[in-house]
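The model shown is predicted, which means the values in this text are computed figures rather than measured ones. Excluded from the calculations below are hydrogen atoms, water molecules and symmetry mates; all remaining heavy atoms, backbone and side chain alike, are included.
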Amino acid sequence: MLFRASAKSVAARALDSSLYLHLTEQFVRMHGYRPGTPEVRSWERSIPVLAAALNDAGLGDVEIMLEYALPLNSKRADAVLAGVHPVTGEPSYVVVELKQWSQAEPAEDDPTLCHVDTYAHPVLNPIEQVRRYCAYLVNFNGALSDRAGSISGVAFLHNATEFGVAGLRGIEDHDHARLFTGEGRGEFIDHLRARLSDKHPGARAADELLTAATAPSRQLMSVAAEEVRERQQFVLLDEQQVAYRLVLNAVEKARRSDHKEVVVITGGPGTGKSVIALQLLGDLYRRGISALHATGSQSFTKTMRKVAGARRREVQDLFKYFNSFMTAEKNSLGALICDEAHRIRETSANRYTRAEHRTGRAQIDELIDVAHVPVFLLDEHQVVRPGEMGTVAEIKAAAARRGLRCTVVALDSQFRCGGSDAYLHWVVRLLGLEPGGPVPWVPDDRMQLLLADSPEEMEAFLESRRAQGYGARMSAGYCWRWSPEPRPGDPLPTDVVIGGWARPWNLRGDRSVSGAPPSALWATDPAGFGQIGCVYTAQGFEYDWSGVIIGPDLVWRGDRWVTDRTASKDPVFKRSTPDADVDRLIRNTYKVLLTRGMVGTVVYSTDPETRERLRQLMGDRKSAVTF
């Protein structure tokens, strides 16, 4: 959160503007960039209104936690009020979403979405938004896990009249989510009094919420079976839910009127793309709508088949590859969910493709043609191989050639890296994927970033975290040769050699060897810790602690990064691959590896000058790794 104080103190600091200066400073510290003018303006106009309502209600001792960060993701609730329930005497919390809208109308076919003049596309109904924030907190905050009734949500549209937003109330839930307007301020005050006592301060309740254990992240793989076969396991928030509903609405239109449209969902690592994909597949599957999940990742597809389809073969068959649709009939599916669509290739044909199937058609065209609603989930900055061409521009152009509507939804909140926007910003600046150059790491309370002086130190640290119950993996740039797969019973070849330390790469094949899991399960099988993963086995997955070895293909020289293509042993780089492409793909590779950790990342570079530059950016201590 950015600020916490009693309602009395918030009102006082809002009067002299010191509150907004503090919020701005804290925002910069946590996120690494300044808040936009609209956000600051919303603080200035909405926070005083909330504080005044609380004080007028006699609730000046209730604690207000402003810009409260939801655990394990970067989404923030405008305010969380903490106090004591006037009847039960137990801690009581109210999540508040503040909107400056004067009017809004529900979407015609879906009341959980709404139209507001300032937005070109539908947005989530604020009642649904705050209800989901409450549900998410119950799922992930230990103080609420056994007492869901202690938290409720309100959307306070303080500039709106009852007439202007009456249509939004169709989904109002009087127990968990309510909407109030400026015109109905009296009812808002009565509601606050019904949830919060005027006789007890809220500091202790706020402390309890803030110090409660965060429930372990519900790892995507461990709940996939229930997700696809039975029920929803994740709570989608804000634009995630908007994207989800837009796809379902498009599928329903297709069923009714032979409708066809393309949906593109974009977002960086951990923004929930794969979670949305699984929820869509599960929902469509339960409704009896023909739908498939497809990726260009062998590891991801095989893992989903193993985990989600462990007991039922038909579930395994829902997971395909992008090149599975060369001969498929047009519009034979209700929906095709293309996860990790940045890995789309120019063509599905390879050296094993039969001559009669070599049509020359683009893979994007095959994927669009096969379904009434093709859905593409992608991150353009995760392209790590030459020939990968899944971009928004390519997909929109392919849709336009067919005269199809193409809707693009951008996800901005992220759940990986502890939900730390500051860490992701630091990584892209470090690698030169955004302008401005590297910046010093300012520790936040969401993501731990550590530097190791040796691979031995990194491995020992990660082993200590595994002993505490965390998951951990080590990965590296593709800078060491990869020996052929050993025979069953033979030891794994120790290809990754750094000084006197040597470890094997992850397996390449589909079978377990000497206790090591097959390639597709390296990131999810606990036995994967003994091997070094590469970008192709790490991409698309997450684990608690990530150890990343930066090899000699990316070194710091003077005032800039230098990529050395001769140090890369990746066979996908051909002599004909331009230097500029190799440079971009190597940097993207390390971006992928550095953004796999949920709790923390430990970095080691094989190059002394690079380690020194990292030490300058990450801290001046001899080593940041401590036990």
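- Looking at Leu209, Val96, Leu81 one by one, the single match for side-chain contact (heavy atoms from CB on, under 4.5 Å) with Tyr68 turns out to be Leu209.
- Around atom CZ of Arg169, more than 12 heavy atoms belonging to other residues, nucleotides or ligands sit under 6.0 Å away.
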For Glu44 and Arg41, what are the C-alpha separation, side-chain angles and deciding distance, and is it a salt bridge (charged side-chain N to carboxylate O under 4.0 Å, His left out)?
CA-CA 5 Å; Glu44 294 172 345; Arg41 187 184 301 121; over 6 Å; no

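- Atoms CZ and CG, on Arg584 and Leu431 in that order, are 14.0 Å from each other to the nearest 0.5 Å.
- Side chains of Thr266 and Val409 form no contact here, defined as non-hydrogen atoms less than 4.5 Å apart.
- Note: Tyr33 and Phe27 meet the aromatic proximity criterion, with ring centroids under 6.0 Å apart.
- Taking a 6.0 Å sphere around OH of Tyr470, one finds it holds 12 or fewer heavy atoms contributed by other residues, nucleotides or ligands.
- For the pair Asp444 (side chain) and Met447 (backbone), a donor-acceptor distance under 3.5 Å is present.
- Side-chain contact check for Asn159 versus Trp101: every heavy-atom pair is 4.5 Å or farther apart.
- Taking both residues in full, the closest heavy atoms of Glu340 and Gly540 are given as OE2-CA, 3.1 Å, listed atom of the first, atom of the second, then distance.
- Glu380 places a side-chain N or O within 3.5 Å of a backbone atom of Val392 that can act as its donor or acceptor partner.
- By the neighbour-count criterion of 12 heavy atoms within 6.0 Å, atom CZ of Arg402 is densely surrounded, having more than that number from other residues, nucleotides or ligands.
- A side-chain donor-acceptor contact under 3.5 Å links Arg473 to the backbone of Trp522.
- Within the model, atoms CD of Gln103 and CG of Asp117 stand 5.5 Å from one another, a figure rounded to the nearest 0.5 Å.
- Of the inter-residue distances, the one linking Ser475 atom OG with Phe541 atom CZ reads 13.5 Å to the nearest 0.5 angstrom.
- Pairing each heavy atom of Ser102 with each of Val165, the nearest pair is O-CG1, 4.4 Å.
- At least one side-chain heavy atom of Glu67 sits less than 4.5 Å from a side-chain heavy atom of Trp43.
- Residues Gln240 and Arg245 fail the side-chain proximity criterion, which asks for heavy atoms closer than 4.5 Å.
- Side-chain atoms of His342 and Thr391 include no donor-acceptor pair closer than 3.5 Å.
- Heavy atoms of other residues, nucleotides or ligands lying less than 6.0 angstrom from CD of Glu105 number 12 at most.
- Atom CG of residue Asp581 and atom CD1 of residue Ile586 lie 11.0 Å apart, to the nearest 0.5 angstrom.
- Between the side chain of Trp441 and the backbone N or O of Tyr423, no donor-acceptor pair lies under 3.5 Å.
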Output, in order, the C-alpha distance, side-chain angles, deciding distance and verdict of side-chain contact (heavy atoms from CB on, under 4.5 Å) for Val247 and Glu261.
CA-CA 9 Å; Val247 173; Glu261 80 176 77; over 6 Å; no

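- By the 4.5 Å heavy-atom criterion applied to side chains, Cys114 and Leu168 are counted as neighbours.
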For a salt bridge (charged side-chain N to carboxylate O under 4.0 Å, His left out) check, start with the C-alpha distance between Asp369 and Lys260, then their side-chain angles and the critical distance, and finish with the verdict.
CA-CA 10 Å; Asp369 288 346; Lys260 185 177 176 78; 5.3 Å; no

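- Using a distance-only test at 3.5 Å, with no hydrogens or angles considered, a donor-acceptor pair links the side chain of Asp544 to the main chain of Gly471.
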Can you list the steps and then say if Tyr543 with Met598 is a side-chain contact (heavy atoms from CB on, under 4.5 Å)?
CA-CA 6 Å; Tyr543 20 87; Met598 287 288 290; over 6 Å; no

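- Contact record, Cys134 with Val95: SG-CG2, 3.9 Å, taken as the closest heavy-atom pair.
- With hydrogens and angles disregarded, a donor-acceptor distance shorter than 3.5 Å links the side chain of Lys273 to the backbone of Gly267.
- Of all the heavy atoms in Ser46 and His158, the pair that sits closest is OG-NE2, 2.8 Å.
- Exactly one residue among Leu377, Leu378, Val242 makes a side-chain contact (heavy atoms from CB on, under 4.5 Å) with Ile265. That residue is Leu377.
- Side-chain N/O atoms of Gln539 and Arg343 include a donor and acceptor closer than 3.5 Å.
- With 3.5 Å as the limit, one finds a donor-acceptor pair spanning the side chains of Glu366 and Ser348.
- Checked for salt-bridge contact, Lys396 and Glu394 miss the test: no charged N lies under 4.0 Å from a carboxylate O.
- Across Ala398 and Ile368, no two heavy atoms sit closer than the pair CB-CD1, 3.6 Å.
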Would you check, one step at a time, whether the test side-chain contact (heavy atoms from CB on, under 4.5 Å) holds for Leu179 with Phe156?
CA-CA 6 Å; Leu179 182 148; Phe156 188 26; over 6 Å; no

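- Side-chain contact of Asp238 with Gln129: a donor-acceptor pair under 3.5 Å is present, judged by distance alone.
- Side chain of Thr589 to main chain of Leu585: a donor-acceptor pair is present (N/O by atom type, distance under 3.5 Å, no hydrogens or angles).
- Remark: side-chain polar atoms of Thr595 are paired, donor with acceptor, to backbone N or O of Val592 under 3.5 angstrom.
- Within the 3.5 Å criterion, the main-chain N or O of Lys253 finds a donor-acceptor partner in the side chain of Ser257.
- Checked for salt-bridge contact, Asp365 and Arg401 meet the test: a charged N lies under 4.0 Å from a carboxylate O.
- No more than 12 heavy-atom neighbours from other residues, nucleotides or ligands sit within 6.0 angstrom of CD on Glu346.
- Of the N and O atoms on the side chains of Asp339 and Thr295, not one donor lies less than 3.5 Å from an acceptor on the other residue.
- Contact annotation: the side chain of Leu113 never approaches that of Asn125 to less than 4.5 Å [non-hydrogen atoms, C-beta and beyond].
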Using side-chain contact (heavy atoms from CB on, under 4.5 Å), reason through Val251 and His372 one step at a time and then give a plain yes or no.
CA-CA 7 Å; Val251 172; His372 285 283; over 6 Å; no

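- A salt bridge links Glu128 to Arg132: at least one charged side-chain nitrogen sits closer than 4.0 Å to a carboxylate oxygen.
- Side chains of Val408 and Ile395 form no contact here, defined as non-hydrogen atoms less than 4.5 Å apart.
- Counting only N and O atoms by type, the side chains of Gln448 and Trp545 include no donor and acceptor under 3.5 Å apart.
- Between Arg76 and Leu70 the shortest side-chain heavy-atom distance does not fall below 4.5 Å.
- Remark: side-chain polar atoms of Arg4 are not paired, donor with acceptor, to backbone N or O of Ile64 under 3.5 angstrom.
- One distance of note links CG of Leu2 with CG of Leu66; it measures 8.0 Å at 0.5 Å rounding.
- Using modelled atom types and a 3.5 Å distance limit, the side chains of Asn141 and Tyr136 yield no donor-acceptor pair.
- Interatomic distance, Leu144 CG to Ile151 CD1, rounded to the nearest 0.5 Å: 5.0 Å.
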